[in-house]
Undergrad: 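Take a look at the following structure, please.
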Amino acid sequence: QKEVEQNSGPLSVPEGAIASLNCTYSDRGSQSFFWYRQYSGKSPELIMFIYSNGDKEDGRFTAQLNKASQYVSLLIRDSQPSDSATYLCAVNPNTGNQFYFGTGTSLTVIP
Amino acid sequence: EPEVTQTPSHQVTQMGQEVILRCVPISNHLYFYWYRQILGQKVEFLVSFYNNEISEKSEIFDDQFSVERPDGSNFTLKIRSTKLEDSAMYFCASSVGQGKDEAFFGQGTRLTVV
């Protein structure tokens, strides 16, 4: 069973702070990692993907991947109330074309 | 910006009835997926479809489920005899390629079985 684990939260941060979201995965052979944002009742919206160890930055978002530790994280700098959502970590194990999702971390940014 | 579109947005059906959920993937994408999300739970993979055939399916995707690409644009999920536990949000997604390529999701169809 390929597991993707996330801290369900809720995680609360003040506006302007850095929000840190974490994800671990069980399949060591996984190659592709994705962060989706999901507002309540809406569909997952892709924020970032990362394939290589290290950091990848896109605007206020930074994804970090450590394959040795089987760990991927998402940092949101200068958090805004509009960032309040559930953040889903998704992993593709590279043995097929499905994604395994975590249960999501609920983030609330307090104005 | 191209997007995955799904219809209907909400479907209410009686237990035992057949339902068909429809999706129009992004036009240059080659891989199509159905996922579901039961309220309050994680997004779960159902099936992937490539080159007019199922390429992968999960344990959830049993004989009650089928998928079809009846023409060049639509991708459908059929549930033959719905059960109460089929109530969920069903998301269609598509990607250019498999594996490393990101999948883009439609807005979902909320299926309620009564």
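Every chain is numbered from 1, with letters handed out A, B, ... down the list of sequences. Just so we're clear, the structure is a prediction, and the values are computed from it rather than from any experiment.
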Undergrad: With a 4.5 angstrom heavy-atom cut-off, which part of A:Gln6 approaches chain B: side chain, backbone, both or neither?
TA: neither

Undergrad: Could you tell me if the ring centre of A:Tyr100 sits under 6.0 Å from that of B:Phe45?
TA: no

Undergrad: Checking heavy atoms, do the side chain of B:Ala103, its backbone, both or neither come under 4.5 Å from chain A?
TA: both

Undergrad: The test is salt bridge (Lys or Arg N to Asp or Glu O under 4.0 Å); show your working for A:Arg37 and A:Glu45 and say whether it passes.
TA: CA-CA 5 Å; A:Arg37 177 175 61 199; A:Glu45 174 192 6; 3.2 Å; yes

Undergrad: With rounding to the nearest 0.5 angstrom, report the CD1 to NZ distance, A:Ile50 to A:Lys67.
TA: 9.0 Å

Undergrad: By a 4.5 Å heavy-atom criterion (distance strictly below it), what part of B:Tyr50 contacts chain A: side chain, backbone, both, or neither?
TA: neither

Undergrad: Quick check with a 6.0 Å cut-off and a 45 degree axis cone: is A:Lys56 positioned over the face of A:Phe33's six-membered ring?
TA: no

Undergrad: For B:Glu44, which atoms come within 4.5 Å of any heavy atom of chain A: side chain, backbone, both, or neither?
TA: neither

